[in-house]
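Computed over heavy atoms, backbone and side chain alike; hydrogens, waters and symmetry mates excluded. Chain naming here is simple, since letters A, B, ... match the order of the sequence lines and numbering starts at 1 in each.
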Number of protein chains: 2
Amino acid sequence: MLSKSCIYALRSIVFIAHHTTTEFKIGIKEIARELELPAHYLGKILQQLTKHSIIQSVKGPNGGFSIDEKSQKIKLITIIGVIDGLDFFNSCGFGLKECSKEHPCPLHDNFKIYRDGLLDLFSSKSILDMVSKIEDGNAFIQNANLYETGKKSIKKY
Amino acid sequence: MLSKSCIYALRSIVFIAHHTTTEFKIGIKEIARELELPAHYLGKILQQLTKHSIIQSVKGPNGGFSIDEKSQKIKLITIIGVIDGLDFFNSCGFGLKECSKEHPCPLHDNFKIYRDGLLDLFSSKSILDMVSKIEDGNAFIQNANLYETGKKSIKKY
DNA sequence: ATAATAAAAGACCTGCATATCTTTTATTAT
DNA sequence: ATAATAAAAGATATGCAGGTCTTTTATTAT
Ligand code: FES
Ligand code: FES
């Protein structure tokens with residue numbers, strides 16, 4: 001539904017928002033390490049976001065990425081639009097050339113509910129909303145450490 | 001969410017169910033033509049379904065595909081499982097390695113609702129349910145003819 | 001038996017998302 | 001000025017879903 005690129009973008013932005021101020025930037029290497037993403041590939045994605053002024057970047061020593069107050073209020077749908085485009089949100093889940101009430105596929109009503117629900121979700125949630133959840137300890141943007149306390153994961157040696 | 005292969009499978013099965021009896025089979029060519037799908041590619045998909053006994057096939061003259069009464073009661077989720085697998089229905093929409101209540105991503109609760117909703121949908125609807133809708137004229141499995149009455153589509157000449 | 005038909009099977013091709021590697025450019029510290 | 005740093009940019013590679021083409025096998029009608 002969301003492409004990997006898009007998910008990488010969202011997670012990175014949240015990570016940047018969580019870890020930087022206008023003073024202290026964070027580099028691609030560290031973002032990639034912490035989120036376990038391919039660094040160079042991530043670079044391209046962050047480039048796009050920078051071009052669209054969704055994040056800010058500075059080259060050179062002590063350079064890196066940051067995100068300003070204003071951009072933290074950006075809704076997820078904006079980022080999805082930039083990276084993936086928004087076609088998904090009005091296309092037929094059954095593969096018909098177009099989704100319409102007049103010529104619906106057998107699951108149109110059901111699909112539409114979920115599609116619209118997701119659209120609402122992405123349209124209402126901002127970067128900041130996600131950061132807050134993280135800072136409150138109610139959500140995570142990094143993978144769980146599977147070797148930590150070994151709750152549910154099978155340890156392999 | 002559903003792969004093209006999977007959508008092709010679902011649409012074809014419904015089409016077969018709608019157009020055949022055990023006596024009269026339908027060939028790949030015709031299915032492909034009517035649904036506007038690549039014939040050879042569709043062949044592979046129908047092969048898989050045949051192997052899994054979801055549809056029946058007969059080679060040679062007057063051969064083709066058909067689907068028996070029993071298989072029409074199969075739920076969509078079964079077909080999705082065969083073609084795409086069911087990983088989607090318990091994976092994290094945000095790209096975390098695993099989806100869990102204990103280590104949730106910022107959109108876990110929201111994603112889970114939609115994911116579970118779709119799972120319920122696919123688990124409850126059968127081929128027959130879809131065929132009924134088609135036969136009642138309440139849904140379509142073929143694309144609308146864009147040059148028909150020219151309601152909403154822009155005609156190009 | 002023979003020819004025709006249609007699915008099955010296998011080999012191959014294509015395009016695109018994803019990923020890596022290298023070179024360039026901007027910035028900063030010395 | 002020089003060297004070090006880090007993003008930007010560009011070129012190239014990889015993997016896989018999707019798609020095509022060819023050959024084989026099973027079935028049927030003659
Ligand atoms: S027609 Fe299929 S989702 Fe609307
Ligand atoms: S953890 Fe992301 S959807 Fe459950």
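In this structure, the nucleotide among D:dT27, D:dT5, D:dG19 sitting nearest to the side chain of B:Tyr41 is D:dG19. Checked against C:dT20, D:dT27, C:dT18, the side chain of B:Val58 finds its nearest nucleotide in D:dT27. When distances run from any side-chain atom of A:Asn62 to the nucleotides C:dA29, C:dA4, C:dA19, the shortest one goes to C:dA29.
Note on residues 57-96 of chain B: no pairs pass ring pair (Phe, Tyr, Trp, His ring centres under 6.0 Å), not counting sequence neighbours. Residues in residues 97-142 of chain A take part in these ring pair (Phe, Tyr, Trp, His ring centres under 6.0 Å) pairs, two or more places apart or across chains: A:His103-B:Phe140, A:Phe140-B:His103.
Put simply, NZ on A:Lys25 is 13 Å from P on D:dA6, counting in whole angstrom units. Across the protein-nucleic acid pair, B:Gln48 atom CD and C:dA7 atom P stand 16 Å apart, rounded to whole Å. With rounding to whole Å, A:Glu30 atom CD is found 11 Å from D:dA7 atom P. Atom CE of B:Met1 is separated from atom P of D:dA17 by 17 Å (rounded to the nearest Å). One interatomic measurement links the two molecules: NZ of B:Lys4 to C1' of D:dG19, which rounds to 10 Å at whole-angstrom precision. In this structure, CG of B:Leu42 is placed 13 Å from P of D:dG18, rounded to the nearest angstrom. Remark: C1' of D:dT20 and CD1 of B:Ile45 are 14 Å apart, rounded to the nearest angstrom. Per the geometry, CD belonging to B:Gln56 stands 15 Å off P belonging to D:dT27, to the nearest Å.
One side chain, A:Ser126 or A:Asp129, offers a donor N or O that lies under 3.5 Å from an acceptor on the other.
Listed in residue order, the members of residues 7-16 of chain B having a heavy atom less than 4.0 Å from DNA chain D are B:Tyr8.
Shown are B:Ile16, B:Val131, B:Val14; of these, the side chain to side chain contact (heavy atoms under 4.5 Å, CB included) with B:Ile67 is made only by B:Ile16.
Legend: residues meeting salt bridge (charged side-chain N to carboxylate O under 4.0 Å, His left out) with B:Glu36, ordered by chain and number and at least two apart, are A:Lys97.
With hydrogens and angles ignored, the 3.5 Å screen pairs no side-chain donor or acceptor of A:Gln48 with any backbone N or O of A:Ile83. Using a distance-only test at 3.5 Å, with no hydrogens or angles considered, no donor-acceptor pair links the side chain of B:Thr20 to the main chain of B:Ala17. A:Arg33 contributes no side-chain N or O that, together with a main-chain N or O of A:Ala39, makes up a donor-acceptor pair within less than 3.5 Å.
Separation of atoms CG (A:Leu128) and NE2 (A:His18) is listed at 11.5 Å; rounding is to 0.5 Å.
The shortest distance between side-chain heavy atoms of A:Ser12 and A:Leu42 falls below 4.5 Å.
With the nearest nucleotide of DNA chain C identified for both A:Ser5 and A:Pro61, A:Ser5 has the one nearer the 5' end. Across the interface with DNA chain D, nearest-nucleotide mapping of B:Leu2 and A:Gly64 shows A:Gly64 to be the residue nearer the 5′ end.
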So which protein N/O to nucleotides 8-11 of chain D N/O distances come out below 3.5 Å?
unit_1 : atom_1 : unit_2  : atom_2 : d
D:dA8  : OP1    : A:Ser57 : OG     : 2.7
D:dA9  : N7     : A:Gln47 : NE2    : 3.4
D:dG10 : N7     : A:Lys44 : NZ     : 2.7
D:dG10 : O6     : A:Lys44 : NZ     : 2.6

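Cluster annotation: A:Leu119 is connected to A:Ile80 through the hydrophobic network of ILVMFWY side chains, with a link wherever side-chain heavy atoms come within less than 4.5 Å.
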Output field dot_bracket for DNA chain D (Watson-Crick or G-U, both distances under 3.5 Å, | for other-strand pairs) contains ||||||||||||||||||||||||||||||
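Of all heavy-atom pairs between B:Ile141 and A:Leu96, the closest is O-CD2, 3.6 Å.
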